[in-house]
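Owing to the predicted nature of the structure, the values given are computational and were not obtained by experimental measurement. To find a chain, count down the sequence lines: A is the first, B the second, and so on, and within it residues start at 1. The figures here come from the full heavy-atom set of this structure, side chains too, leaving out hydrogens, waters and symmetry mates.
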2 protein chains.
Amino acid sequence: MSKDLSVGQVAAIAKVTVRTLHHYDEIGLLSPGGRTPAGYRRYRDTDLDRLQQILFYRELGFSLEEIAAILDDGTVSPTEHLRRQHELLHARISHLQELAAAVEHAMEASMMGIQLTPEEKFEVFGRDYQESWETEAEQQYGESDAWQQSRRRTGRYTKADWARIKAEGDALNGRYAAALTAGIAPDSAEGMALAEAHRQQITDAYYDCGYAIHRGLAEMYLADERFTATYERIAPGLAHWLHAAIIANAEAHDGS
Amino acid sequence: MSKDLSVGQVAAIAKVTVRTLHHYDEIGLLSPGGRTPAGYRRYRDTDLDRLQQILFYRELGFSLEEIAAILDDGTVSPTEHLRRQHELLHARISHLQELAAAVEHAMEASMMGIQLTPEEKFEVFGRDYQESWETEAEQQYGESDAWQQSRRRTGRYTKADWARIKAEGDALNGRYAAALTAGIAPDSAEGMALAEAHRQQITDAYYDCGYAIHRGLAEMYLADERFTATYERIAPGLAHWLHAAIIANAEAHDGS
DNA sequence: CTGCCGCCTCACGTCGCGTGAGGGTCAAGC
DNA sequence: GCTTGACCCTCACGCGACGTGAGGCGGCAG
């Protein structure tokens, strides 16, 4: 019922260029199922399926040679392909989420003017997510908490510019310290208002900081000694006080 | 306190090759802060910061030329960079999650032997996530439910091999139909056991199908008419029955 | 039969490096 | 003081995955 398609039609559907299809034909990665008498390429349904697979693996960073090897490996069934794709995607997503956490952490560090070691800055770039499918189950169980850990363990980044930002941060820090020494409880209305101001400053200056992320930051203030030290230097006990205020404020807002 | 670093040291830390650093120097993307009298490159801390930025954008698929433009654009502050990176990451993650949903959908389709149109197969590859930061707020609000929609709207894929898989699926379908005509309630113990068997088959044959994903599939059975039709053809009312059974089973297990 | 668009095959250009070739540098050990 | 070996330098060519014409045939609409 559905007839063959020309290069141009296939290119339009798959959103690749005609040249790309020519290239795939040249290197034998995707040869059309047939040709017209005049030599025009005619792509069949099965060719489209293969093209989709090719694009999928390509998007995940595989070379065309590798893709050919993957797709032409007779020992893996289509089912197995889908399973692999699912795994690869999750590995890639995890990796990007680590990067996102690293960026969030970097914003915090930049805001507070904390210096990070060179090694730390590149920690997150190391992982070769590409080969993760060969170690299948190994990281299946280690991964979800690795991602949670990365929120507080992987610190990085520093830069100029915080002239103004830092001033605002310092002003807020002063208000926290004042509240602390005045004996105001972190879970009081005033304490939570200050936590909310903290969250608001991050949102204004950097990124949309929801209560979940804010909790993560609070945990980090206690887990990462550089952050703890920064707050303790302002006023002894401030790291714990701010942590408690943020948690209380978050619970008051999203209730968990 | 921290001295300059040689190419080799920087390469080791950032996990790139020396050649890459040479290249970045050649094209003026990253020139070391200084040189020794003998001409050895010496990288300073600020160079490392820039390198990290470069690697970040590179990993997100930007060309070196684009990266240079981004980093040398004096109008964007470091703060703005972090914000952009955060956005880009989330856009990229959303895109991959759409792909993941598409793969899950494909597994379902393959399992049930449903044919998909060529256009559908490539639907998910279209979006140019690269440019998403230029339309910043536009999709800020449309995106989260677009991703939810994609679970049930974007269907794709088909392939051979389901000889065995399909037989197992057919067997299960027979049991559902039998239960339905026998008047067994979907939220009864037997109904939920069948839903659990359904989930188990997906897990065995394809991917780890948790209760959240299982719910998604159940919704899809009602939302995507091709799936609805497939079940209704087996027995009238089966699509709704199975949907109810899956939801009941999921609630019994994760309680929400 | 005349456009005109789409298809074909060369074939050279580009980007982001990889991979030597040929040679200088520098701290360590004999 | 001299050699050794690890590290650095600058060419310079090669490669993967296409981009980008050039020059020409096919097909069908007016």
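Although no hydrogens or angles enter the test, the distance criterion places no donor-acceptor pair under 3.5 Å between the side chain of B/D72 and the main chain of B/A69. B/R35 places no side-chain N or O within donor-acceptor distance of the main-chain N or O of B/R41, the cut-off being under 3.5 Å. A donor-acceptor pair is defined here as one N or O able to donate and one able to accept, closer than 3.5 Å; no such pair exists between the side chain of B/D47 and the backbone of B/P32.
Contacts between chain A and DNA chain D, taken as any atom within less than 4.0 angstrom of a protein heavy atom, begin and end at D/dA17 to D/dG26.
The salt bridge (Lys or Arg N to Asp or Glu O under 4.0 Å) test applied to A/R42 returns no partner, not counting sequence neighbours. Among residues two or more places apart in sequence or in another chain, the side-chain hydrogen bond (donor to acceptor under 3.5 Å, both in side chains) test is passed with B/R19 by B/E26. Evaluation of the salt bridge (Lys or Arg N to Asp or Glu O under 4.0 Å) rule for B/D73 yields no partner, not counting sequence neighbours. Among residues two or more places apart in sequence or in another chain, the side-chain hydrogen bond (donor to acceptor under 3.5 Å, both in side chains) test is passed with A/H23 by none. Take A/S31 and apply the side-chain contact (heavy atoms from CB on, under 4.5 Å) test, not counting sequence neighbours, and it matches A/D25. With sequence neighbours excluded, the residues satisfying side-chain hydrogen bond (donor to acceptor under 3.5 Å, both in side chains) with A/S63 are A/E66. Judged as a salt bridge (Lys or Arg N to Asp or Glu O under 4.0 Å), and not counting sequence neighbours, B/R58 has no contacts. The side-chain hydrogen bond (donor to acceptor under 3.5 Å, both in side chains) test applied to A/Q9 returns A/S6, not counting sequence neighbours.
Straight-line distance from the CG atom of A/L21 to the P atom of C/dG6: 15 Å, rounded to whole Å. Here the P atom of nucleotide C/dG6 and the CD atom of A/Q9 are 11 Å apart, to the nearest Å.
Of the residues in residues 34-44 of chain B, those placing a heavy atom less than 4.0 Å from an atom of DNA chain D are B/R35, B/G39, B/Y40, B/R41, in numerical order.
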Inset, instruction - Given side-chain contact (heavy atoms from CB on, under 4.5 Å), test A/R50 with A/Y43 step by step and report yes or no. - result: CA-CA 11 Å; A/R50 186 175 171 94; A/Y43 290 86; over 6 Å; no
Inset, instruction - Go through A/V7 and A/Y40 one step at a time and tell me if the side-chain contact (heavy atoms from CB on, under 4.5 Å) criterion holds. - result: CA-CA 8 Å; A/V7 265; A/Y40 283 28; over 6 Å; no
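In the helix from C/dC1-D/dG30 to C/dC30-D/dG1, the terminal helix axes, each the rotation mapping four pairs' C1' atoms onto the next four within five end pairs, subtend 10°, rounded to 10°.
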Inset, instruction - Could you encode protein contacts along nucleotides 11-16 of chain C as a string, one character per nucleotide from 5' to 3', using B for base contact, S for sugar-phosphate-only contact and - for no contact, with a heavy-atom cut-off of under 4.0 Å? - result: B----B
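Among the atoms of the strands shown, only primed sugar atoms or phosphate atoms (P, OP1, OP2) are found under 4.0 Å from some heavy atom of A/V7.
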